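Notes follow the structure.
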There are 2 protein chains.
Amino acid sequence: MDQPVLPLGAPRGERADAVRNRLHLLATAREMLAEQGADRLTMDGLAERAGLGKGTVFRRFGSRAGIFQALLDDDERAFQERVLSGPPPLGPGAAPLERLIAYGRARVGFLVAHREIARAALDGTQPVPAGPETPLSRMHIRMLLGQMGLGAADLDVLTVQLTAALDGPLLLYLSASDLTQAADQADERLAHGWQDLVQRVCRP
Amino acid sequence: MDQPVLPLGAPRGERADAVRNRLHLLATAREMLAEQGADRLTMDGLAERAGLGKGTVFRRFGSRAGIFQALLDDDERAFQERVLSGPPPLGPGAAPLERLIAYGRARVGFLVAHREIARAALDGTQPVPAGPETPLSRMHIRMLLGQMGLGAADLDVLTVQLTAALDGPLLLYLSASDLTQAADQADERLAHGWQDLVQRVCRP
DNA sequence: AATACAACCGGGGTAAAGTCCGCTTATGCT
DNA sequence: AGCATAAGCGGACTTTACCCCGGTTGTATT
């Protein structure tokens with residue numbers, strides 16, 4: 001006899017209590033984040049406030065950075081939705097170049113809005129793929145670049161470099177004060193700079 | 001009466017013993033790095049092996065990342081020399097675009113060769129200007145971009161984005177295995193990709 | 001419903017980064 | 001040379017990320 005089909009939706013997945021705890025930890029982390037900022041969020045503090053053991057926190061998220069990656073991942077789901085199936089020019093339907101420009105603008109906005117979490121999600125001991133989020137960014141850029149037939153470029157390398165041009169300023173170079181003092185202005189300049197960059201890169 | 005002019009050359013600089021200790025710590029750090037790799041280099045271990053107190057290590061370098069920044073800075077001095085006053089096309093004398101291409105190639109090579117230190121020099125809690133090295137990279141790129149009169153681009157933003165495109169792959173995205181398995185190949189692809197990128201960006 | 005098993009939980013334990021402050025020593029002036 | 005001062009030094013102390021493993025609880029099977 002075959003297995004019932006329903007429970008395979010989460011194939012041998014988390015146990016119910018584990019899910020409950022994970023969600024509770026994420027919610028608690030968000031509270032603490034809002035109240036005290038990312039750098040005051042300690043694993044002990046989170047565990048205590050959530051009423052759980054420290055071991056639980058680590059098994060769920062692996063590391064401190066893992067918590068922020070999970071939070072970021074969560075926030076990014078809606079964003080991904082808009083990219084994969086929302087209205088153009090961000091979603092499918094527009095010309096590749098337009099989509100690429102729109103994607104950059106949207107991602108810059110997202111990163112500026114989530115810069116604290118995004119920074120905290122960096123591991124340092126680990127290359128970025130730590131979260132399942134950047135792969136998507138790269139895959140998407142790569143796909144769009146592929147759709148417009150650029151000359152004999154090394155598409156993989158160009159993709160990484162453009163991804164870095166998009167994320168790097170926020171993750172690596174711009175100081176907190178550069179952003180907080182005029183977040184939306186920086187946002188606009190970066191978005192516009194991205195547009196200029198990819199237009200230059202992609203013109204025939 | 002005026003002060004004697006000589007001692008102002010190093011205005012109230014480091015004390016002699018401090019200099020001695022700093023150099024000794026850097027040398028010891030390099031030994032440990034060569035023997036055990038960056039992640040096994042602990043502050044306690046370094047202090048003990050150097051025969052100094054931990055407090056000394058921290059006052060000299062501020063943080064663990066600070067040590068690697070100092071090492072990187074040291075290694076980069078020769079590189080900077082070549083850029084600022086070496087022979088073209090890396091040094092002055094060649095056309096800006098050629099210099100930019102040469103600079104990217106050289107920096108990629110440098111970063112690939114020093115990737116372990118460079119990664120370890122990242123702080124995570126701090127934007128990159130932590131070391132005086134990236135500012136120079138940025139300034140140089142910015143200067144070269146300025147020399148070729150690009151259209152009405154936002155030069156500052158373009159500079160950060162290109163700097164990120166250059167450093168990001170090494171600092172952020174490429175995993176250790178991506179590089180160690182074929183370091184020179186990755187090196188060449190990145191350098192060539194950089195050339196392609198800036199040629200696209202800078203053509204009229 | 002009872003059972004077996006795997007996953008999960010808790011919280012004490014370890015290691016390493018970073019801080020502090022009283023003591024020591026180099027430096028510049030007289 | 002002797003002194004005043006500021007810089008430097010050391011190492012104990014605190015904090016925090018991360019590990020471990022015995023006991024517990026959810027889940028699938030009969």
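As the structure is a prediction and not an experimental result, all values here were calculated from the model. Every chain is numbered from 1 and lettered A, B, ... according to where its sequence line falls, protein lines coming before strand lines.
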For this session: Using the closest heavy atom to pick a nucleotide of DNA chain C for each, name whichever of Gly53(A) or Ala16(B) lands nearer the 5' end.
Result: Gly53(A)
For this session: Measure the distance from CG on Leu25(B) to C1' on dC9(D) and round it to the nearest whole Å.
Result: 12 Å
For this session: Mind calculating the distance between CD (Glu14(B)) and C1' (dA6(D)) to the nearest angstrom?
Result: 15 Å
Exercise. Hey, does Arg60(A) reach any base, or is it just sugar-phosphate, or nothing, if we go heavy atoms under 4.0 Å?
Worked result: sugar-phosphate
Problem set entry | Structure string for DNA chain C in dot-bracket form, Watson-Crick and G-U at under 3.5 Å, | interchain | ||||||||||||||||||||||||||||||
Exercise. Under 3.5 Å, is there a donor-acceptor pair between the His192(A) and Asp154(B) side chains?
Worked result: no
Problem set entry | Closest nucleotide among dG8(D), dG10(C), dA6(C) to the Arg15(B) side chain | dG8(D)
Seminar exercise, completed: In 5'-to-3' order, the base (B), backbone-only (S) or no-contact (-) status of each nucleotide in nucleotides 17-23 of chain D, using a 4.0 angstrom heavy-atom cut-off, is SB-----
For this session: Take Arg107(B) and Asp167(B) through the test salt bridge (charged side-chain N to carboxylate O under 4.0 Å, His left out) and record every step on the way to the result.
Result: CA-CA 8 Å; Arg107(B) 176 142 182 96; Asp167(B) 294 355; 2.9 Å; yes
Problem set entry | Test log, rule salt bridge (charged side-chain N to carboxylate O under 4.0 Å, His left out), inputs Arg82(A) and Glu76(A) | CA-CA 10 Å; Arg82(A) 286 195 297 145; Glu76(A) 209 168 23; over 6 Å; no
For this session: Could you tell me the separation between the CZ atom of Arg22(B) and the P atom of dA7(D), rounded to a whole number of Å?
Result: 17 Å
Exercise. What is the distance from atom CE of Met43(B) to atom CG of Leu25(B), rounded to the nearest 0.5 Å?
Worked result: 9.0 Å
For this session: Can you label the angle between the Phe110(A) ring and the Phe79(A) ring as parallel, tilted or perpendicular, going by 30° and 60°?
Result: parallel
Exercise. Any side-chain N or O of Asn21(A) less than 4.0 Å from the OP1 or OP2 oxygen of dC8(C)?
Worked result: no
